[in-house]
Amino acid sequence: MRKKVELELGQAKLDIEKKLVPQGKGVTRHLSLPSTGHTSEWILEEMAQMDVEGESHTNWKHGKLSGAVYHGGDDLCKVIVSAFERYCVSNPLHPDVFPAIRKMEAEIVAMCLRLYNNPDGAGVTTSGGTESIIMSVKTHRDWARATKGITEPEIVVPASAHAAFDKGAAYLKIKVHTIPVDPVTRKVDLKHVSRAINPNTIMIVGSAINFPDGNQDDIIALGKLAKRNKIGLHVDCCLGSFIVPFLEKAGYPTDLFDFRVEGVTAISCDTHKLTGPYLYHAHSTHTYQGNSVIMYRNAELRTYQYYVNPTWTGGVYASPSIAGSRPGSLIAGTWAAMQYMGSDGYLESCKSIVGATRAIAKTITTDIPELYVLGNPPASVVAFASKHPQVNIREVGDVMSKKGWHLNAIVQPAAVHIAVTRLTVPVVDEFIADLKDAIREARTNPSGKGTMVALYACLPVEGG
Ligand SMILES: Cc1ncc(COP(=O)(O)O)c(C=O)c1O
């Protein structure tokens with residue numbers, strides 16, 4: 001049995017390697033600095049060659065990629081690239097040298113606070129959703145230590161919440177209570193949350209929407225729990241970013257999720273996923289990466305995020321988040337994208353993306369008896385699992401991969417999810433037709449494997 005398991009693990013490793021590492025004799029590796037610099041033409045040609053070698057990564061424009069690329073169209077790309085170019089060497093660590101970047105950063109935060117109904121609140125931009133979440137965990141930890149004397153902090157996190165909460169807790173030495181979700185609604189089980197709260201709890205968590213199956217927790221009920229226990233409530237809107245705030249206006253039924261809910265103390269919103277609501281999105285290559293906002297109910301709470309060292313040999317050192325130097329170009333790109341899109345642009349994106357997501361969910365529910373949809377996802381992600389003994393959902397995923405779809409495998413239960421972006425919208429019918437074919441193939445001609453790998457993020461390999 002052990003041999004068999006080892007064999008299968010070896011095969012899975014090879015499969016992953018094949019997916020991630022370009023193979024073949026013609027592949028040149030640049031492992032040390034060239035002795036003299038290359039020309040810009042050579043650099044662009046080499047990059048084009050790398051794209052050919054990793055060809056599966058370059059096909060995202062056809063829309064068969066779940067999440068990963070949040071693209072707003074070629075015009076928006078041009079706007080963002082112009083902003084990058086203009087502020088290519090800027091660094092908000094030196095606001096006196098780059099006052100325009102400081103202004104744009106403050107305005108990004110202000111626009112997000114208004115979008116999430118807390119104009120008098122406070123916030124900070126970070127490098128991405130993970131950093132926003134880690135900063136919020138740290139803020140609540142330091143707040144609880146200062147105001148309540150908590151020295152053994154704990155957080156209560158739905159099993160469906162993003163792994164960034166576990167990561168932050170691991171970095172900051174905080175105990176995590178992982179709470180199961182209801183198997184039908186896929187919302188966090190409130191009784192379990194309530195039971196896990198104790199005098200060391202600093203914060204509870206809800207998602208709007210979660211990564212694995214796109215469902216939204218009951219934020220109002222979580223807010224009541226947070227308020228009653230005088231603890232923080234972080235609502236993770238990294239994936240909901242600029243979709244969920246527009247659901248109401250777009251005419252879709254929605255539950256409150258933002259600062260209008262009493263008890264919500266922090267919200268993370270990924271500005272790199274909103275640059276043209278998921279123009280193309282698939283959890284890897286957004287329009288560009290590296291910008292997110294962590295918002296707090298008030299400026300007082302935000303002060304617990306800051307780091308200040310007044311006695312450092314290099315002078316007084318103060319910084320708002322993990323990074324020291326930061327790329328001002330990303331702030332400029334985000335600001336430019338938000339100005340370009342405007343409320344109307346985001347609303348239009350919301351309508352088309354959510355319309356397509358709901359069409360996929362409805363067709364699976366009414367027209368594909370072998371599958372069921374997990375919960376009742378309100379926005380841009382839909383996950384589906386098998387209810388047929390002869391249909392292995394991973395095998396369905398494998399066949400979909402062969403047909404060119406890049407979907408995400410999730411676990412507990414084994415399921416596959418698609419995060420719809422604007423690129424997916426025109427290919428919804430193709431997706432459904434391919435899915436039906438894939439089920440037929442997996443059912444009539446099972447490979448007995450189902451090796452679709454639940455791979456979302458991974459560590460660097462080869463060459464450091
Ligand atoms: C719900 C949710 N939270 C947090 C994150 C983390 O964001 P990032 O990958 O920008 O660190 C993601 C990423 O997709 C997400 O879907």
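The shown structure was predicted, so the numbers you read here are calculated from the model rather than taken from an experiment.
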query: Counting heavy atoms not belonging to K351, are there more than 12 under 6.0 Å from its NZ?
result: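 It does: K351 NZ has more than 12 such atoms within range.
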
I'd like to check [X] versus [Y] (side-chain heavy atoms, cut-off strictly below 4.5 Å). Are they in contact?
X	Y	result
I353	F246	no
L371	I393	yes
M295	S268	no
I322	M135	yes

Check whether N291 reaches the backbone of T334 with its side chain - one donor and one acceptor, N or O, closer than 3.5 Å.
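A pair under 3.5 Å: no.
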
Counting N and O atoms only, with roles assigned by atom type, does the side chain of T201 sit under 3.5 Å from a partner on the main chain of M203, one being a donor and the other an acceptor?
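No, T201 side chain to M203 backbone: no donor-acceptor pair under 3.5 Å.
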
Is it true that the side chains of [X] and [Y] contain a donor and an acceptor less than 3.5 Å apart?
X	Y	answer
S160	R186	no
E248	T254	no
H406	S401	no
S132	S292	yes

Rounded to the nearest 0.5 Å, what's the gap from CE on M111 to OG on S343? Could you check?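 Reported to 0.5 Å precision, the distance equals 10.5 Å.
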
Worksheet item: In Å, rounded to the nearest 0.5 Å, how long is the span from CZ of R443 to CZ of R440?
Response: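 It is 10.5 Å, given to the nearest 0.5 Å.
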
P158: which of N210, D236, V205 passes side-chain contact (heavy atoms from CB on, under 4.5 Å):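 Of all the options given, the one that passes is V205.
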
Can you give me every donor-acceptor pair (side chain of residues 214-223, partner residue at least two apart or in another chain, under 3.5 Å) with its distance?
{"residue": "N215", "atom": "OD1", "partner": "N376", "partner atom": "N", "Å": "2.8"}
{"residue": "N215", "atom": "ND2", "partner": "D213", "partner atom": "O", "Å": "3.3"}
{"residue": "N215", "atom": "ND2", "partner": "D213", "partner atom": "OD1", "Å": "2.8"}
{"residue": "N215", "atom": "ND2", "partner": "L374", "partner atom": "O", "Å": "2.9"}
{"residue": "Q216", "atom": "NE2", "partner": "D255", "partner atom": "O", "Å": "3.2"}
{"residue": "D217", "atom": "OD1", "partner": "V188", "partner atom": "N", "Å": "2.8"}
{"residue": "D217", "atom": "OD2", "partner": "S207", "partner atom": "N", "Å": "2.8"}
{"residue": "D218", "atom": "OD1", "partner": "I220", "partner atom": "N", "Å": "3.4"}
{"residue": "D218", "atom": "OD1", "partner": "A221", "partner atom": "N", "Å": "3.1"}

TODO: Using a strict 4.0 Å threshold on nitrogen-to-oxygen distance, state whether E441 and K403 make a salt bridge.
DONE: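 Result for this pair is no, no salt bridge flagged.
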
>> Can you tell whether the side chains of D189 and K191 come within less than 4.0 Å, N to carboxylate O?
In response: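 No, no charged N to carboxylate O under 4.0 Å.
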
